[in-house]
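Step one of this worksheet: look at the structure below.
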2 protein chains.
Amino acid sequence: MDMAHEPDMTLIASLIGDPSRSMMLSALMGGEALTATELANESGVTKQTASSHLQKLVSGHLLEMEKQGRHHYYRIADSEVAYLLETIMTVSGGLGMKKTKPGPKDERLRRARVCYDHLAGEMGVKLLDSFMSKGLFCFSEGQQNQSQFMLNEKGNAVFQDFGIDTDLLNKAKRPVCRTCIDWSVRRPHLAGSLGAAILNQFYAKNWVIKSETPRLLLFTPKGEAAFRKFIS
Amino acid sequence: MDMAHEPDMTLIASLIGDPSRSMMLSALMGGEALTATELANESGVTKQTASSHLQKLVSGHLLEMEKQGRHHYYRIADSEVAYLLETIMTVSGGLGMKKTKPGPKDERLRRARVCYDHLAGEMGVKLLDSFMSKGLFCFSEGQQNQSQFMLNEKGNAVFQDFGIDTDLLNKAKRPVCRTCIDWSVRRPHLAGSLGAAILNQFYAKNWVIKSETPRLLLFTPKGEAAFRKFIS
DNA sequence: GTTATGTTTCGATAATGATCGAACCATTTT
DNA sequence: AAAATGGTTCGATCATTATCGAAACATAAC
């Protein structure tokens, strides 16, 4: 893998374009870090092969690795990468490749799932629509004419009221607001550190719980009602 | 190429993950259809090899082909695919791979370029920001709870005034409004058939002209002024 | 008709890269 | 200390596939 004078896209796409590696990446889109052996099992290859793949994914900046004792935990490098993977799924899914019948499992994933660290699916899209129509954001001019999508005063107030420390988010380097086009609904939902913080609050308030099915999120009855109120 | 029971992402990513093929795709991101031999030259392989690649790209629904006499014209299949390619460039570009020094050429591309058939870059982002803050869109509930991002009455009026037949767009199957996260600015710009129609009007009004540099767009002095007024 | 150009098909070759077994390293447990 | 577990490195093998030359096909120009 040369990585120097190839056309930019090639390296990234070829990293994803291997069956074992894309299985690992899909598994990691659930949001939690997994160990090398877990990922080896997930992709059905030996530990040696998995190790080689993981090394490539890290040096291609698609994954990050953290040592904890004798375990090596791998996770998606950032929400930028998560975003790319969702986008590839968009294109893959919309095509004639739907020979894998879209069972009830897919139907539920279409409604609410975790995309790396934030809420995706119809519910995620509704959420962003609601925030937009309530006018919680502003577009500010950043340095060198690069405008930025930010929380305005009202937005800060709303989310602080919801239990999110927006000051903390604003200080961090990770962008607070980012949109991510949805695989199922083909409309943007909220990503960025705010998107992550919101999903965390949904967990904390017990509005949603993780299913055993990899990326699937299930709303509790209580959460369902609270969510409806939250976006109204 | 099996294409049946592989994980979804793999096929698409592996198609893009070949140097020759990604060169062809990059070339086609300029928006205009190219012939097989042109693409062969672009990617530096023989006609035979190019033909093989193009076949795979078509059957993977990344490209579409149209026969015109003895010429076979290839173009990006749809804006969905264009969107994916821009996203891969986002991830590729943001990384340590910037060994290709960002010269003045890159700087201009960052400002205004064509992304398949619509305006991208800082100017494209400003345009969408302007439309948003003017309130030209609405989010309507489509069938099966899938909300849609559409032009509202005011929006229809504004663009008809600008010389775009919005009724025609609304009737067609291609989505009118779609957003596309920008490679340089990392904020959404307008894609979809409306995005394409707007760029066409910019051409027609002589606000922008295509440069020899593949995807670069140059604003005319007249266009520069008119644009500023248009978004104010 | 013949010739020239654009494109594809076929077959063989070569290069790339995924895979695994075996050995090695690191950390925890006993 | 030894044993066990998680992980990586090395080397060889095997599969995949990009590549090109030669021939065939299609359309256009002459």
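Just so you know, these numbers use all the heavy atoms, side chains as well, and skip hydrogens, waters and symmetry mates. Just so it is clear: chains get the letters A, B, ... in the order the sequence lines come, proteins before strands, and each one is counted from 1. All values reported here derive from a predicted model rather than from experimental measurement.
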Inset, instruction - Using a 4.0 Å cut-off on protein heavy atoms (strictly under), produce a 5'-to-3' string for nucleotides 2-9 of chain C with B for base contact, S for backbone-only sugar-phosphate contact, and - for none. - result: --BBSBBB
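Atom P of nucleotide C:dA18 and atom CD1 of A:Ile16 are separated by 14 Å, given to the nearest angstrom. Between A:Arg21 atom CZ and C:dT16 atom C1' there is a gap of 12 Å when expressed in whole angstrom units. Protein atom NZ of A:Lys56 is 13 Å distant from nucleotide atom C1' of D:dT9, rounded to whole Å. Note: CG (B:Asp18) to P (C:dG17) measures 10 Å, nearest angstrom. Atoms CE (B:Met24) and C1' (D:dT19) sit 12 Å apart, rounded to a whole Å. Across the protein-nucleic acid pair, A:Leu57 atom CG and D:dT8 atom C1' stand 16 Å apart, rounded to whole Å.
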Inset, instruction - Let me see the working for A:Thr46 and A:Thr49 under side-chain hydrogen bond (donor to acceptor under 3.5 Å, both in side chains), right down to the final yes or no. - result: CA-CA 5 Å; A:Thr46 62; A:Thr49 308; 3.1 Å; yes
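Between D:dA18 and B:Thr49, no contact under 4.0 Å exists linking OP1 or OP2 to a side-chain N or O.
Evaluated for a ring pair (Phe, Tyr, Trp, His ring centres under 6.0 Å) with B:Phe219, the options B:Tyr203, B:Phe227, B:Trp207 yield exactly one hit, B:Phe227.
A:Arg215 contributes atom CZ, which lies 14.5 Å from atom CZ of A:Arg108 (distance to the nearest 0.5 angstrom). The CG atom of A:Leu85 sits 11.5 Å away from atom OG of A:Ser79, with the distance rounded to the nearest 0.5 Å.
Electrostatic pairing of B:Glu122 and B:Arg113 does not count as a salt bridge here, judged by no charged N lying under 4.0 Å from a carboxylate O.
For A:Ser20, the listed nucleotide lying nearest its side chain is C:dT19; candidates were C:dT19, D:dT19, C:dC20.
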